[in-house]
Amino acid sequence: MASEKNLDLMEKIVNLCKRRGFVFPSSEIYGGINGFWDYGPYGSRMKRAVENLWWHEMVEMRDNIEGLDSTIICHPRVWKASGHLDQFSDLMTDCRDCKARFRVDQMEDPTRCSNCKSPNLTEPREFNLMMKTFVGPVFDEEHTAYLRAESCQPIFVDFHSVRIATRQKLPFGIAQIGKAFRNEINPRNFTFRSREFTQMEMEFFCEGEQGMEFFEYWKEQRIKYYREKLKFADSFFRIYEHEKLAHYAKAAIDIEVKFPFGWGELEGVHHRGEWDLSQHSTFSGEDLRYMDHDTGRKIMPTVIETSVGLDRTMLAILANAYDEDTAATQKEGMEEDVRIVLHLPPLVAPIQVAVLPLSKKLNESADTLFRDLNRHFRCEQDVTGSIGKRYRRQDEIGTPFCVTYDFESDTDNAVTVRNRDTMEQTRIGVTQLRDFLEDAIAR
RNA sequence: GCGAGUGUAGCUCAGUUGGUAGAGCAUCACGUUGCCAACGUGAUUGUCGUCGGUUCGAUUCCGAUCACUCGCUCCA
């Protein structure tokens, strides 16, 4: 019963995203392409805002985190070292009867299902979640390269250069926002699992004995970010503690969110130990150890990773924000009507302030106000339709504040600020407007 | 990847027992109104997901394919 209601919510979000220009299927006029999505005008504004928020919190506000913007295509040996290439380069076969999947090289009898003994197996196929391409005009094995399956590996690869360029001492971190690609077997749930997506990752390097301490620190920091910056209620997200750890990991948690389709991973905070830098040291032959000049010791840093999906963050924010309530209407025969509203945090709303002249006769003065506000906030002006209709349009895309320019504004130099969530209006002098909005948006 | 379902206007959907399509909402213009999807008049929009087959004729029947949703699987 609950799931039925939730499915509706997912459909509503998808429809709203399509209708109002948040997210479209990629290549839609060609029938779409499975696992790829485009962000439209409002979506791209919002995505950029979320990205900027993360970057601001993780890099700009901290003096021991450095930024990086590395390439999507790296030397193939990077993925040898990370284990991504070997992990899934096996031939796999599926049993058509019991649906089990096996590595062909591990089967006692490759012609029969190891589980139900059925001979009804699919042709062995190579499975690799990495997307393959070729560097240079010759398409052969020698020129094969891969699109990165996660954005963190180049951070490890560039560790040395970043440290030298910035003269950072342990502990310090390197952060990066960028695209990653995975040939997911089954893209699902709108943008939740797609084949091209954006990650926001930070690798924090410290001495081994400080690992658990920083693991706890980053876990707290990230939870605080969701609570305070993205306004997630405690009931909307939860911490999942990994019981089974990857062979290299010392500790791991996921921050999970209550998506319309169920709980899903949004961010991982992982204690990766010395694994990544050790692997790249071994495979590249470069000594990636850190020289501690105070003690004269060379140490292999331990890594704490925070890794979050930007697209999943977008979906989570939208799911958390979507609401339908009832509001008064002047439609004939109706007193109330459904109001669709996104309660987006003002910091990430695609439009933060909408400027609405009460009448088209006031367009010119409103336009001046719009141009002024647009220098400081993400703004939009709308002059078509009744004022009520324009409020509803803004509600639907989550605009927290509508500034209405009316017939008195010219004489009293004041406007009405209408609040998205309460629908209440406040008269404010134009000279105080910027301060008022800045304060309200930052809150 | 397997199984099931779905695909008609920007959105939600109706429809055609085979004769190339409609509604509501949305959008746009004009008028009116002047603070919560108001009203009136008018206007725009579809290769009926795509390709192929059967047919005099296919959006409708058949096949394939693509996409989405759900269940299983997968998520290193």
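As the structure is a computational prediction, the values presented were derived from the model and not from experiment.
For A/R390, the side-chain atoms get nearest to B/G34 when compared with the rest of B/C35, B/C75, B/G34. In this structure, the nucleotide among B/A37, B/A29, B/C35 sitting nearest to the side chain of A/T384 is B/A29. Taking every side-chain heavy atom of A/R393 into account, B/C28 is the closest of B/C28, B/G34, B/C36.
Atom NE2 of residue A/H270 and atom NZ of residue A/K250 lie 14.5 Å apart, to the nearest 0.5 angstrom. We find the CG-CZ distance between A/L318 and A/F259 to be 10.0 Å, quoted to the nearest 0.5 Å.
Residue A/N189 places no side-chain N or O under 4.0 Å from the OP1 or OP2 atom of B/U69. Within the 4.0 Å cut-off from OP1 or OP2 of B/U12, at least one side-chain nitrogen or oxygen of A/N15 is found. Remark: A/K389 is in phosphate contact with B/U27, judged by side-chain N or O atoms under 4.0 Å from OP1 or OP2. Within the structure, every side-chain polar atom (N or O) of A/R20 is placed at least 4.0 Å from both OP1 and OP2 of B/A26. Side-chain N/O atoms of A/S386 include one lying less than 4.0 angstrom from OP1 or OP2 on B/A38.
Base-pair partner of B/C13: B/G22 (Watson-Crick or G-U wobble, both distances under 3.5 Å). When both pairing distances are held under 3.5 Å, B/A38 makes no Watson-Crick or G-U pair with any nucleotide shown. Figure legend. B/G63 is base-paired to B/C51; pairs are counted as Watson-Crick or G-U wobble with both atom distances under 3.5 Å. When Watson-Crick and G-U wobble pairs are counted only if both distances are under 3.5 Å, B/A4 pairs with B/U69. When Watson-Crick and G-U wobble pairs are counted only if both distances are under 3.5 Å, B/G57 pairs with no nucleotide at all. Checking B/C74 for Watson-Crick or G-U wobble geometry (two distances, each under 3.5 Å) identifies no partner in any strand. Pairing for B/U27 goes to B/A43, judged as Watson-Crick or G-U wobble with the two contacts each under 3.5 Å.
Where A/W37 and A/R427 each meet RNA chain B at their nearest nucleotide, the meeting point lying more 5' is that of A/R427. In terms of position on RNA chain B, the residue among A/R392 and A/R182 whose nearest nucleotide sits closer to the 5' end is A/R392.
Within 4.0 Å (heavy atoms only), A/G35 reaches sugar-phosphate atoms of the nucleic acid but no base atom. Using a 4.0 Å heavy-atom distance criterion, A/L358 is classed as a base contact.
Distance noted for atom P between B/C2 and B/U16: 34 Å (whole Å). Look at the P atom in both B/G19 and B/C30: the space between them is 42 Å, to the nearest Å. B/A14 and B/U54: their C1' atoms are spaced 28 Å apart (whole Å). When the C1' atom is used for both B/U45 and B/U6, the distance is 24 Å, rounded to whole Å. The separation of B/C48 from B/A29, taken at their C1' atoms, amounts to 29 Å, rounded to a whole angstrom. As rounded to the nearest Å, B/G15 and B/G7 have P atoms that lie 11 Å from one another. Between B/U59 and B/C51, the two P atoms lie 10 Å apart (nearest whole Å). As rounded to the nearest Å, B/C70 and B/U12 have P atoms that lie 15 Å from one another.
Nearest heavy atoms, A/C152 versus A/E203: CB-OE2, 3.0 Å.
If you check distances only, the side chain of A/N186 never reaches the base of B/C75 with a donor-acceptor pair under 3.5 Å. Side-chain N/O atoms of A/R418 and base N/O atoms of B/C36 include a donor-acceptor pair closer than 3.5 Å. Taking 3.5 Å as the limit, the base of B/G71 and the side chain of A/R188 contain a donor-acceptor pair of atoms between them. Side-chain atoms of A/Y30 and base atoms of B/C66 include no donor and acceptor less than 3.5 Å apart.
Regarding A/I397, its CD1 atom lies at a distance of 17 Å from the P atom of B/A26, rounded to whole Å. Between A/N34 atom CG and B/U50 atom P the separation is 19 Å, expressed in whole Å. The interatomic distance linking A/I29 (CD1) with B/A67 (P) rounds to 16 Å, in whole Å. Atoms CZ (A/F24) and C1' (B/G10) sit 10 Å apart, rounded to a whole Å. Computed from coordinates, the A/I33 CD1 to B/U65 P distance equals 17 Å when rounded to whole Å. We find that CD of A/E184 is positioned 13 Å from P of B/C68, with the value rounded to whole Å. For A/R312 and B/C75, the CZ to P distance is 13 Å, given to the nearest whole Å. Between A/L16 atom CG and B/C11 atom P the separation is 12 Å, expressed in whole Å.
Inter-residue side-chain proximity for A/L266 and A/T313 is flagged as met; some heavy-atom pair is nearer than 4.5 Å.
In summary, of the residues considered (A/R390, A/Q394, A/R393), a side-chain hydrogen bond (donor to acceptor under 3.5 Å, both in side chains) with A/D382 occurs for A/R393 alone.
Remark: A/D410 engages A/S365, A/Y405 in a side-chain hydrogen bond (donor to acceptor under 3.5 Å, both in side chains) (not counting sequence neighbours).
In this structure, A/R312 is not positioned above the aromatic face of A/F197 in the sense of NZ or CZ being under 6.0 Å from the six-membered ring centre and within 45° of the axis.
Within 6.0 Å of atom CD in A/E438, more than 12 heavy atoms from other residues, nucleotides or ligands are found, so the atom counts as buried in its surroundings.
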